[in-house]
Q: 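This is the structure, below, for whatever I ask next.
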Amino acid sequence: RQFLRIDEELADISDDLYDYEKDVVRNSFNVLRGMVHSFGSRADLELAAAISEREVRHEALLAQLPHAMRTAYTRSRSSALARSGAEKWIFPELLM
C-alpha cells in the first residue's frame with residue numbers, strides 16, 4: 001500500500017511539472033506552484049529534494065514486493081517510460 005502511495009505521488013508530481021504553466025494560468029492547484037509560493041526561487045531545488053526522497057523510498061518499497069509483482073511493475077513502467085524524455089524530471093521555468 002505504501003508503495004502505491006509513493007508511486008502515485010511521483011506520478012502526480014510529474015503531471016504537475018508537465019502542466020505547470022497551464023495550471024498557473026487556470027489558477028489550479030499544482031505542487032510546483034505551491035512550492036513557488038512557499039520557497040520562491042528555491043522551489044525547484046526544494047521539489048527536487050522531495051522527489052529524491054520519494055524515489056529512494058519508492059525503490060526500497062519496490063524491493064520488498066514479491067518477485068512477480070516487482071517484475072510486473074517493472075515491465076509496466078518500462079513500457080510507460082518508452083517515450084522519449086519520460087524517464088527524466090523536466091522542470092519548467094518558474095513563474096513568480
Side-chain angles (χ1 to χ4, degrees):
R1 218 163 115 162
Q2 289 180 2
F3 173 78
L4 293 175
R5 182 177 56 82
I6 297 290
D7 191 64
E8 184 65 25
E9 286 177 9
L10 290 169
D12 287 345
I13 292 169
S14 178
D15 287 344
D16 279 0
L17 290 175
Y18 183 80
D19 292 336
Y20 175 66
E21 292 93 349
K22 181 172 46 176
D23 288 345
V24 169
V25 170
R26 291 181 179 170
N27 198 28
S28 298
F29 175 80
N30 182 290
V31 171
L32 181 56
R33 187 169 176 236
M35 298 292 277
V36 168
H37 179 75
S38 296
F39 298 104
S41 63
R42 295 187 347 261
D44 50 355
L45 298 175
E46 294 289 335
L47 185 54
I51 290 169
S52 180
E53 291 172 8
R54 282 169 178 75
E55 286 181 325
V56 167
R57 184 76 177 129
H58 186 263
E59 288 302 313
L61 292 168
L62 178 61
Q64 294 174 11
L65 292 177
H67 178 71
M69 290 178 78
R70 244 188 352 261
T71 301
Y73 173 81
T74 303
R75 188 178 317 118
S76 174
R77 186 166 190 252
S78 294
S79 174
L81 296 179
R83 63 176 196 220
S84 178
E87 73 285 353
K88 301 174 188 171
W89 291 100
I90 300 171
F91 284 76
E93 183 176 339
L94 299 180
L95 304 173
M96 290 187 247

Q: Measuring only between side-chain heavy atoms, which start at C-beta, is Arg33 closer than 4.5 Å to Asn27?
A: yes
Q: Please round to the nearest 0.5 Å and tell me the distance separating atom CZ of Phe3 and atom CD of Glu8.
A: 11.5 Å
Q: Check Val36 against Tyr20 and note the closest heavy-atom contact, atom names and distance.
A: CG2-OH, 3.6 Å
Q: Drop me the distance from Leu4's CG to Leu65's CG, to the nearest 0.5 angstrom.
A: 8.0 Å
Q: Is there side-chain contact between Leu94 and Asp44, with heavy atoms separated by less than 4.5 Å?
A: yes
Q: Side chains of Arg57 and Gln2, heavy atoms from C-beta outward: is any pair under 4.5 Å?
A: yes
Q: Measure the NZ-OG distance between Lys88 and Ser14 for me, rounded to the nearest 0.5 Å.
A: 13.5 Å
Q: Ignoring hydrogens, what is the shortest heavy-atom contact between Leu17 and Ile90? Give both atom names and the distance.
A: CB-O, 3.7 Å
Q: Determine whether Leu95 and Leu32 fall in the same hydrophobic cluster, where Ile, Leu, Val, Met, Phe, Trp and Tyr are linked whenever their side-chain heavy atoms lie under 4.5 Å apart.
A: yes
Q: Please name the pair of heavy atoms, one in Arg54 and one in Ile13, separated by the smallest distance, quoted to 0.1 Å.
A: CD-CD1, 4.2 Å
Q: Taking C-beta and beyond as the side chain, do Ile6 and Glu9 meet within less than 4.5 Å on heavy atoms?
A: yes
Q: Look up atom CE in Met69 and atom OG1 in Thr74, then write down how far apart they are to the nearest 0.5 Å.
A: 11.5 Å
Q: Treating Ile, Leu, Val, Met, Phe, Trp and Tyr as nodes and any side-chain heavy-atom pair under 4.5 angstrom as an edge, say whether Phe29 and Met96 lie in one connected cluster.
A: yes
Q: Would a 4.5 Å heavy-atom cut-off, applied to side chains only, mark Ser28 and Asp19 as touching?
A: no
Q: Show the nearest heavy-atom pair for residues Leu47 and Met35, with the distance to one decimal.
A: N-CE, 3.5 Å
Q: Which distance, rounded to the nearest 0.5 Å, do you find between the CG of Asp16 and the NZ of Lys22?
A: 10.5 Å
Q: For the residue pair Tyr73 and Asp7, establish whether any side-chain heavy-atom pair is separated by less than 4.5 Å.
A: yes
Q: Measure the shortest side-chain to side-chain distance between Phe39 and Leu45 over non-hydrogen atoms and say whether it is less than 4.5 angstrom.
A: no
